[in-house]
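Structure record follows, encoded as structure tokens.
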Number of protein chains: 2
Amino acid sequence: MVIGQRNTQQRRKIREVFEKAGRPLNVDEVHGLVREILPGLGIATVYRAINDLVEEEWLKPVELPGRNNSYELSNLGHHHHFICEDCDKVFDLQGCPGQMKDLVPEGFKARTHDITIYGICEHCNQD
Amino acid sequence: MVIGQRNTQQRRKIREVFEKAGRPLNVDEVHGLVREILPGLGIATVYRAINDLVEEEWLKPVELPGRNNSYELSNLGHHHHFICEDCDKVFDLQGCPGQMKDLVPEGFKARTHDITIYGICEHCNQD
DNA sequence: ATCGTTGCAAACTCTTTGCAGGATT
DNA sequence: AATCCTGCAAAGAGTTTGCAACGAT
């Protein structure tokens with residue numbers, strides 16, 4: 001539900017980890033991070049809180065090929081994602097190559113697009 | 001297993017639907033299509049046949065954001081995908097905008113990328 | 001006091017696996 | 001005949017839902 005939410009400890013901490021992360025987080029990452037402070041936190045609570053935050057458009061799902069959804073703050077504008085093949089973390093990328101309409105054949109209508117780049121992140125690249 | 005496979009009716013029909021489809025198919029689509037001819041076909045058989053075909057590199061998984069894997073013939077070269085938001089089918093696109101390296105920040109190393117375009121396919125666009 | 005939220009357990013979906021019978025070589 | 005494959009059912013992963021107790025308002 002979008003109205004009448006209560007400001008519980010659990011939901012406060014869940015919002016905090018998203019604000020601090022600066023990159024998309026999946027359900028297990030949120031569960032793990034909040035559990036450092038609230039060890040009893042149940043996974044169903046994380047799912048319910050995230051789904052409510054998506055419904056009220058504070059979070060946006062980041063659907064990535066071949067993996068479970070991550071989520072990020074919804075106020076970020078059009079951008080794309082990088083997946084580190086070493087540490088498996090997801091990062092935001094700035095910019096967009098555009099020209100997507102050229103890829104679409106006659107008769108098809110393009111509405112939007114996702115780009116995912118795979119590689120090695122800055123931190124893992126140092127090893 | 002990659003060697004010693006047997007040419008069963010089920011596996012023959014599964015290969016046939018991929019050859020005829022001309023676009024990526026998911027497990028349910030394959031199950032549905034082959035069941036028109038072999039009504040007793042079990043879903044586990046479809047999973048096992050597809051996994052074997054992937055292992056021998058006759059098929060390639062098409063991992064798409066927010067949906068179950070589809071699969072396509074592995075001899076298609078670099079290309080991207082279109083998802084119809086109306087009929088939910090997946091189509092192949094020719095070409096690639098390139099310039100992906102420009103999106104990646106200093107310190108990150110890009111290896112490959114996926115592009116998915118969402119919109120309305122030719123057939124659904126006629127309605 | 002009300003009623004949204006929590007944790008637990010059960011249910012659901014998608015995929016994989018164990019097994020006994022059946023098909024291909 | 002050997003052994004791979006099949007269908008079924010059970011088991012796993014990830015996610016959702018029902019419920020009684022709890023906590024925010």
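Letters go in sequence order (proteins before strands), and every chain restarts at 1. Just so it is clear, the model here is predicted, and its values are computed rather than measured.
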side-chain N/O R11(B) vs dT6(D) OP1/OP2, d < 4.0 Å: yes
Whole-Å distance between dG23(D) P and Q10(A) CD? 9 Å
Nearest to the side chain of R48(A) - dG18(C), dG14(D), dT17(D)? dT17(D)
Those residues at least two apart in sequence (or on a different chain) that pass salt bridge (charged side-chain N to carboxylate O under 4.0 Å, His left out) with E63(B) are none
B/S/- contact track for nucleotides 20-25 of chain C, protein heavy atom under 4.0 Å: ---BBS
Any pair counted as salt bridge (Lys or Arg N to Asp or Glu O under 4.0 Å), so long as it reaches residues 74-94 of chain A, sequence neighbours left out: R67(A)-D88(A), E85(A)-R111(B)
Answer whether the closest heavy-atom distance between the side chains of L33(A) and L25(A) falls below 4.5 Å. yes
Can a donor-acceptor pair be found, under 3.5 Å and without considering hydrogens, that links the side chain of H79(A) to the backbone of G77(A)? yes
Whole-Å distance between dT15(C) P and I50(B) CD1? 9 Å
Euclidean distance, atom CG of residue N26(B) to atom P of dT13(C) [Å, nearest integer]: 16 Å
For R12(A), all residues meeting salt bridge (charged side-chain N to carboxylate O under 4.0 Å, His left out), sequence neighbours excluded: none
Nearest-Å distance, NZ (K13(B)) to C1' (dT6(D))? 17 Å
Does S74(B) reach the main-chain N or O of K60(B) with its side chain, forming a donor-acceptor pair under 3.5 Å? no
Taking NE2 from H31(A) and P from dT6(C), how many angstroms apart are they, rounded to a whole number? 12 Å
Whole-Å distance separating the CD1 atom of I14(B) from the P atom of dC5(D): 12 Å
Under a side-chain separation threshold of 4.5 Å, the hydrophobic residues clustered together with L93(A) are F82(A), F91(A), M100(A), L103(A), V104(A), F108(A), I115(A), I117(A), F82(B), F91(B), L93(B), M100(B), L103(B), V104(B), F108(B), I115(B), I117(B)
Check the phosphate of dT16(C) against N51(B), side-chain N and O only, distance under 4.0 Å to OP1 or OP2. Yes or no? yes
Grab the CG-P distance between D52(A) and dT6(C) for me, whole Å please. 9 Å
Heavy-atom contacts under 4.0 Å between residues 36-46 of chain B and DNA chain D, which residues? G40(B), L41(B), G42(B), A44(B), T45(B)
Would you call E29(B) and R23(B) a salt bridge, taking side-chain N to carboxylate O under 4.0 Å as the test? yes
Find the distance E55(A):CD to dG4(C):C1' and express it as a whole number of Å. 14 Å
Tell me if a side-chain donor or acceptor on N125(B) pairs with a main-chain N or O of I120(B) at a distance below 3.5 Å. no
